[in-house]
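Reading through the structure tokens given below for one structure.
Below, chain A is the first sequence line, B the second, and so on; all start at residue 1.
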Amino acid sequence: ELKVEQNPLFLSMQEGKNYTIYCNYSTTSDRLYWYRQDPGKSLESLFVLLSNGAVKQEGRLMASLDTKARLSTLHITAAVHDLSATYFCAVQETSGSRLTFGEGTQLTVNP
Amino acid sequence: AAGVIQSPRHLIKEKRETATLKCYPIPRHDTVYWYQQGPGQDPQFLISFYEKMQSDKGSIPDRFSAQQFSDYHSELNMSSLELGDSALYFCASSLVSSGYQETQYFGPGTRLLVL
């Protein structure tokens, strides 16, 4: 059974600081997704990582994938309050298959 | 751009009642997924359809059933509702046959409350 683990589960940080969220998974897969969810809202797609060594950046967020280590990271640079949300990584084992989500990281950025 | 549409957005039911949730995928997407998200939890996969055929089945209770119709919309039917069925139900769609990027785009969700 595929397991996906995120850490930390809760992250409180100050504006302007940097931090990294980690996502470990238990199977060989090169399909990893990052989503953002605001309270009570839908899941917004942030990044799609489809190969070993993939790195993608959008604004203050950068995601990377190491399929050999079965690890993805989401790096936050110079955090701002608007980034406060829950971030999920999700792994897809094969084409067209279900997403298995991590537990989510609840990020709070304080002024 | 068109997004995934779900209806209703909110639903209140009594125990042992039935509920039907509807999902309209992004036009030309060929795969629909249903997920259940309890309070403070991550989304859990229920069932999926590819080209109107069931393609995968997850932790969906026997009391639930789903189908995808000829116009690609999907319905999740829930019977004998229990308190524990209270959750946010998401539908997602993707284009699998593109052979490359298959981002699953999520709808706004249906919030079901069972009293």
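Residue contact with chain B, scored on non-hydrogen atoms closer than 4.5 Å, is absent for E44(A). Heavy atoms closer than 4.5 Å to chain B are found nowhere in Q106(A), neither backbone nor side chain. Interface remark: Q37(B) contributes side-chain atoms only to the contact with chain A (heavy atom separation under 4.5 Å). F88(A) touches chain B through its side chain: at least one heavy atom from C-beta onward sits under 4.5 Å away, while N, CA, C and O do not. With a 4.5 angstrom heavy-atom cutoff, F90(B) touches chain A only via side-chain atoms.
V96(B) and V32(B) are assigned to two separate hydrophobic clusters, defined by single-linkage of ILVMFWY side chains at heavy-atom distances under 4.5 Å. Put simply, Y24(B) and L11(B) are part of two different groups of oily side chains (I, L, V, M, F, W, Y) that touch within less than 4.5 Å, one to the next. With hydrophobic clusters built from ILVMFWY side chains whose heavy atoms lie under 4.5 angstrom apart, Y89(B) does not share a cluster with I26(B). L2(A) and W34(A) fall within a single hydrophobic cluster, where Ile, Leu, Val, Met, Phe, Trp and Tyr side chains are chained together by heavy-atom contacts under 4.5 Å. Criterion: ILVMFWY side-chain heavy atoms under 4.5 Å apart, direct or through other members. Under it, V55(A) and L61(A) are not part of a common hydrophobic cluster.
Residues Y35(B) and L43(A) fail the side-chain proximity criterion, which asks for heavy atoms closer than 4.5 Å. Under the 4.5 Å side-chain criterion, counting only non-hydrogen atoms from C-beta, E102(B) is in contact with Y33(A). Taking 4.5 Å as the limit, every side-chain heavy atom of P43(B) sits out of range of all side-chain heavy atoms of Y35(A).
Of the listed residues (S45(A), G104(A), S97(A), A90(A)), the greatest number of heavy-atom pairs within a distance under 4.5 Å of chain B belongs to S97(A). Comparing D56(B), I47(B), V4(B), T31(B) by how many heavy-atom pairs each has under 4.5 Å with chain A, the most go to D56(B).
Around the CZ atom of R63(B), the shell of radius 6.0 Å holds more than 12 heavy atoms that belong to other residues, nucleotides or ligands. The local environment of CG in D62(B) is sparse, with at most 12 non-hydrogen atoms from other residues, nucleotides or ligands closer than 6.0 Å. Heavy atoms of other residues, nucleotides or ligands lying less than 6.0 angstrom from NZ of K22(B) number 12 at most.
Under the 3.5 Å distance criterion, the side-chain polar atoms of R98(A) are matched with a main-chain donor or acceptor of K57(B).
For the atom pair Q44(B) CD and L99(A) CG, the distance stands at 11.5 Å (nearest 0.5 Å).
Residues S42(A) and P108(B) approach most closely at CB-CA, 3.9 Å, considering heavy atoms. Here the shortest heavy-atom pairing between L88(B) and Q37(A) reads CD2-NE2, 4.5 Å.
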